[in-house]
Amino acid sequence: MELQPVTLNLAETVQGLYTGQLTDIAASLQDLNDRAEAELDRAIAAAQAKGANVSREDFIFANWDPTQDYSAEMYEAL
């Protein structure tokens, strides 16, 4: 509930690169990643401050395979 979308998001970053408003692909994507990571850290800290038992480990799905649908069985295996 605490996580807020970052702007420029991925679509806006790609649009900016395509239109020439952004020129450095690597720097633009790194900036997006850095802002998204910072927002996740902020949201986790805010949720923890409200008593939620949450951490970055809750976002790790070690058995995820991008070529398969993630099933209930895979989630339970965690």
Side-chain angles (χ1 to χ4, degrees):
M1 299 287 299
E2 294 291 333
L3 191 63
Q4 299 296 314
V6 294
T7 56
L8 302 169
N9 61 31
L10 179 58
E12 294 163 335
T13 299
V14 171
Q15 288 171 343
L17 291 165
Y18 182 76
T19 61
Q21 293 172 315
L22 300 172
T23 57
D24 188 332
I25 295 171
S28 296
L29 293 175
Q30 185 63 57
D31 176 60
L32 172 60
N33 184 69
D34 292 347
R35 289 182 291 110
E37 293 289 327
E39 175 54 21
L40 180 58
D41 289 338
R42 186 210 60 77
I44 289 171
Q48 289 171 338
K50 292 181 177 179
N53 182 18
V54 63
S55 72
R56 272 192 169 263
E57 285 74 35
D58 295 320
F59 295 89
I60 297 172
F61 295 86
N63 60 349
W64 180 69
D65 180 349
T67 65
Q68 299 179 20
D69 289 336
Y70 201 79
S71 66
E73 293 80 22
M74 293 169 83
Y75 188 75
E76 290 172 11
L78 296 174

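All residue numbers in this chain count up from 1 along the given sequence.
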Asp69 versus Met74: any side-chain heavy-atom pair under 4.5 Å?
no

Inter-residue atom distance Leu17.CG - Thr23.OG1, 0.5 Å rounding:
8.0 Å

Can you tell me if Leu3 has over 12 outside heavy atoms packed within less than 6.0 Å of its CG?
yes

First locate atom CG of Leu29, then atom CG of Asp24, and finally report the distance between them rounded to the nearest 0.5 Å.
9.0 Å

After noting the C-alpha distance and the side-chain angles of Asp65 and Thr67, does the key distance pass the side chain to side chain donor-acceptor pair (under 3.5 Å) rule?
CA-CA 5 Å; Asp65 180 349; Thr67 65; 2.7 Å; yes

If I compare all heavy atoms of Ala47 with all of Glu2, which pair ends up nearest, and what's the gap?
N-CG, 3.8 Å

For Asn53, does the CG atom have more than 12 heavy-atom neighbours from other residues, nucleotides or ligands under 6.0 Å away?
no

In terms of hydrophobic clusters joined by side-chain contacts under 4.5 Å, are Leu78 and Trp64 together?
yes

Donor-acceptor check, side chain of Gln48 to backbone of Val54, threshold 3.5 angstrom: yes or no?
yes

Hey, could you give me the CD1/OG distance between Ile60 and Ser55, rounded to the nearest 0.5 Å?
7.5 Å

Does Leu40 share a hydrophobic cluster with Val6, counting links as ILVMFWY side-chain heavy atoms below 4.5 Å and allowing steps through other members?
no

How many angstroms lie between CG in Asn63 and CD in Glu73, if you round to the nearest 0.5 Å?
11.0 Å

Heavy-atom closest pair (Arg56 atom, Asp41 atom, distance to 0.1 Å) is NE-OD1, 2.8 Å

Using only atom types and a distance under 3.5 Å, with no angle test, would you say the side chain of Glu37 pairs donor to acceptor with the backbone of Asp34?
no

Does OH belonging to Tyr70 count more than 12 external heavy atoms closer than 6.0 Å?
yes

Quick one: pull up CD in Glu57 and CD1 in Ile44 and give me the separation to the nearest 0.5 Å.
8.5 Å

Intermediate values then yes/no, side chain to side chain contact (heavy atoms under 4.5 Å, CB included), Gln4 and Arg42:
CA-CA 9 Å; Gln4 299 296 314; Arg42 186 210 60 77; 3.8 Å; yes

Compare all side-chain heavy atoms of Thr13 with those of Leu22 and state whether any distance is below 4.5 angstrom.
yes

Rounded distance (nearest 0.5 Å) linking atom CD of Gln30 with atom CD1 of Ile25
14.0 Å

